[in-house]
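Heads up: the structure comes next, in structure tokens.
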Amino acid sequence: MLLDRSRTGRSGRRDRDDPIVNRWALLAVPPIAFLVAFFLIPLIVVSLRSVTDFPRPAGDALANYGRFFDSAANVRVLGNTFWVAALSTVVCLALGYPYAYLMNIVRPRLAGLLLIAVLLPFWSSLLVRTYAWQVILRDTGIINTFLLDMRLIDEPIPLIRTTLGVMLGMSQILLPFMVLPIYAVMRRIDPEYTRAAANLGAPPFAAFRRVFLPLSLPGVLAGSLLVFVLALGFYITPALLGSPKDTMISQFIASAVQQRLDWGIGSTMAVILMGLTLTVLFVASRFIRLRDVFGSFEES
Amino acid sequence: MTDSWRQPRRLLLVALGALTVFFLMAPTLVVVPMSFTASNALTFPPEGLSTRWYEKMVTDPQWSTGFLNSAKVAFLTAILATVLGTLAALGTVRGRFPGRGAVNGLILSPLIVPVIIIAIGMFSVFVRWKITGSIVGLVLAHTALAVPFVVVNVATSLRSMDRNLEQAAQSLGAGPVRTFRRITLPLILPGVLAGGLFAFITSWDEVVVSIFLTSARFRTLPVEMWEQVRQVVDPTVAAVSTTLLAVTTTLLLLAFVVRRQAPAR
């Protein structure tokens, strides 16, 4: 019925091959229903809990939000999350851009190996990788044991439960999300452009800075956006490598829900985190095509 | 245009690249030799060689049931996510319907929504449906997280395939179902299989949602590891880590090989 109507109801501009709804569309129904039931509804329920779950009766639907912003410690968690996410983005960019550039100029076979070096860790367990950092950084870990044995230090230097530790772990895990979008954009830059700049007398670095770098900026923006947004939601890594001082939003949500059983404040924080994520994506979508961000993973 | 002054800059770039590869790989790989230590402490380099921590992993019921649970959940997730993801890819790549952009957004959003929000959301809903602490709840949850990876892989195969082959089959009298089964499916099979492997890996390594949806009686390997990592320093965790890594890496390489089999683009 639906199909028939769409065919007869087509505008004059559309031809038979381009109906408003075609038969293939029906195949998308089961997966959409599945995601609505088991993914979208849970998200909606969380959002609702932030205005319905109160530890004691409250007249104001936004009482949880008031409660949240009244506490300076809560606001500090927000600030810290932003700070750590921004730092991770900067570290990933500093390492990721030269790496993507290298991938772009070496022979295809070597570029393939460099790509695997990015993809293997990208797909390996985040928990295992964080655990490995724990083994390396802790007071009885590899670095401290080595330095103590060499008698370079007398007592373990604090590496774990520091912001430095969190940064190391997070930027290692997030680096692929920076490299892949940048590389995808660089690969599309026509080498003739830089060659033309060189032929016109530009020294190599000027050709890079004036021609190649501006052309690669969409990749830089896409990668930075992706790393920043993903960093905002990190949980395992700051929980295992950071100090209570480094608490991030996700840890706050988990402890509110698991330990304090305060679903009101936990879901309020979840809505705030969700809002931040969507705001960053929305603002970014005015400058870049979000498709490019996710598209780079289709090619890799 | 002399290249000579450029040389040091290129050398610096290569050095930085090598350092980055080291930063990406080495810290994780360090647990592999350490898991074979003979001593009770985790040291690097390991003291003596032994497989005792692997023996403990296999014989200790906590770890071994965790291993089996993880394998079951990941296997079922891979099947369900592959079916749903392939349907979604066919529906969104070939389908024409209003709101296609929104549907694409919904399908990809599990990749971008912070996982802790997904975890507490699923927990509060699944508790009411009484499917927490069970294999059913976990498979449904992991499937939602894994579907995007299948869709991305199958969609890539679909876009690169030659649709003239389907028209040829149909003009020779094959019906839509037969055309799909004999022409389309074989052509996109590499994408489907790779997607299934990625779905398996997604479930196999998943921790955060699993922490909320499992119980003391039903735990997966990563959740068991999460519980232990925060309390004890036991080399068994290094053995478990190595096992998780080995499985993931094997399946990942398999996925790359499978995708290479894709027909010429």
Side-chain angles (χ1 to χ4, degrees), chain A residues 18-22 24-25 27-28 30-32 34-35 38-43 45-46 49 95 98-99 101-102 114 117-118 120-121 123-129 131-133 135-136 142 145 172 175 198 204 229 232-233 235-236 240 250 253-254 257 266-267 270 273-274 277 294 297-298, chain B residues 1 6 13-14 16-17 20-21 23-25 27-28 30-31 34 42-44 84-85 87-88 90-92 94-98 103 106-108 110 112-118 120-122 124-125 140-141 144 147 152 155-156 201 205 207-208 222 225-226 229 237 241 244-245 248-249 252:
Chain A
D18 190 22
I20 298 166
V21 176
N22 67 6
W24 290 104
L27 296 179
I32 292 170
F34 181 91
L35 286 177
F38 301 111
F39 177 73
L40 198 57
I41 288 182
L43 294 186
V45 167
V46 168
R49 288 190 89 157
L95 290 175
Y99 192 82
Y101 186 80
L102 186 67
L114 289 173
V118 172
L120 272 182
W123 277 102
S124 46
S125 160
L126 187 146
L127 178 60
V128 169
R129 297 169 71 192
Y131 166 71
W133 278 111
V135 168
I136 294 167
I142 296 176
T145 314
Q172 187 218 23
L175 190 53
V229 163
L232 285 180
Y235 171 51
I236 300 284
L240 291 181
S250 291
I253 298 172
V257 167
S267 51
L273 173 56
M274 190 73 189
T277 307
F294 303 106
F297 290 91
E298 299 179 23
Chain B
M1 286 301 298
R6 249 183 99 176
L13 196 62
V14 170
L16 201 58
T20 308
V21 172
F23 177 62
L24 280 168
M25 310 274 273
T28 314
V30 107
V31 298
M34 289 171 97
L42 266 181
T43 48
F44 191 86
L84 289 172
L87 288 174
L90 286 165
T92 52
R94 296 274 177 89
R96 293 285 167 271
F97 54 94
V103 166
L106 173 68
I107 291 171
L108 289 180
I112 207 78
V113 175
V115 67
I116 191 77
I117 304 179
I118 302 178
I120 66 167
M122 286 178 169
S124 41
V125 172
L140 293 172
V147 159
V152 163
T156 309
I201 298 173
D205 284 338
V207 212
V208 181
M225 188 176 154
W226 165 254
V229 144
V237 178
S241 294
L244 285 169
L245 281 178
T248 308
T249 309
L252 189 65

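Worth saying up front: this structure is predicted, and the values here are computed from it rather than measured. Letters A, B, ... are given to chains in the order of the sequence lines, protein chains preceding strands, and every chain is numbered from 1.
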Check [X] against [Y] and note the closest heavy-atom contact, atom names and distance.
X: Tyr131(A); Y: Met225(B); result: CB-CE, 3.8 Å
X: Asn22(A); Y: Arg96(B); result: OD1-N, 2.9 Å
X: Ser124(A); Y: Leu245(B); result: CB-CD2, 3.6 Å
X: Ser241(B); Y: Val128(A); result: CB-CG1, 3.7 Å
X: Val125(B); Y: Pro42(A); result: CG2-CA, 3.6 Å
X: Val46(A); Y: Ile117(B); result: CG2-O, 4.2 Å

Problem - Which residues share a side-chain hydrogen bond (donor to acceptor under 3.5 Å, both in side chains) with Ser124(B), sequence neighbours left out - result: none
Practice task
Carefully, step by step, assess Val147(B) and Phe39(A) under the rule side-chain contact (heavy atoms from CB on, under 4.5 Å).
Solution key: CA-CA 11 Å; Val147(B) 159; Phe39(A) 177 73; over 6 Å; no
Using heavy-atom distances under 4.5 Å, tell me whether [X] contacts chain B through its side chain, its backbone, both, or neither.
X: Thr277(A); value: side chain
X: Leu120(A); value: both
X: Phe38(A); value: both
X: Leu40(A); value: side chain
X: Leu126(A); value: neither
X: Pro98(A); value: both

Would you give the length of the straight line joining atom [atom1] of [X] to atom [atom2] of [Y], rounded to the nearest 0.5 angstrom?
X: Arg94(B); Y: Leu27(A); atom1: CZ; atom2: CG; answer: 10.0 Å
X: Trp133(A); Y: Thr28(B); atom1: CH2; atom2: OG1; answer: 8.0 Å
X: Leu24(B); Y: Leu175(A); atom1: CG; atom2: CG; answer: 5.0 Å
X: Leu43(A); Y: Met122(B); atom1: CG; atom2: CE; answer: 8.0 Å

Handout entry: Interface moiety of Ile120(B) toward chain A, non-hydrogen atoms closer than 4.5 Å
Key = both
Practice task
Would you mind checking which part of Leu244(B) comes under 4.5 Å of any heavy atom in chain A, side chain (CB onward), backbone (N, CA, C, O), both or neither?
Solution key: side chain
Quick check for you: among [options], which has the greatest number of heavy-atom pairs under 4.5 Å with chain B?
options: Leu114(A), Val45(A), Leu35(A), Thr145(A); value: Leu35(A)
options: Ser125(A), Gly233(A), Ala28(A); value: Ser125(A)
options: Pro121(A), Ser267(A), Gly266(A); value: Pro121(A)

Exercise for the section: Kindly indicate whether the side chain of Pro27(B), heavy atoms from C-beta on, has any atom under 4.5 Å from the side chain of Arg129(A). Expected result: no
Which one of [options] has the most heavy-atom pairs closer than 4.5 Å to chain A?
options: Pro110(B), Pro98(B), Gly85(B); value: Pro110(B)
options: Val207(B), Leu106(B), Ile201(B); value: Leu106(B)
options: Val208(B), Ile107(B), Leu140(B); value: Leu140(B)
options: Thr248(B), Val115(B), Leu87(B); value: Leu87(B)

Fill in the blank from the handout: For Trp123(A), the ring-ring contact (aromatic ring centres under 6.0 Å, His included) test, sequence neighbours excluded, returns Phe149(B), Phe198(B)
Practice task
Apply the test side-chain contact (heavy atoms from CB on, under 4.5 Å) to residues Leu127(A) and Asp205(B): give CA-CA distance (whole Å), side-chain angles for both, the deciding distance (0.1 Å), then the verdict.
Solution key: CA-CA 8 Å; Leu127(A) 178 60; Asp205(B) 284 338; over 6 Å; no
Handout entry: Residue of the set Ile236(A), Leu273(A), Val257(A) for which side-chain contact (heavy atoms from CB on, under 4.5 Å) holds with Ile116(B)
Key = Leu273(A)
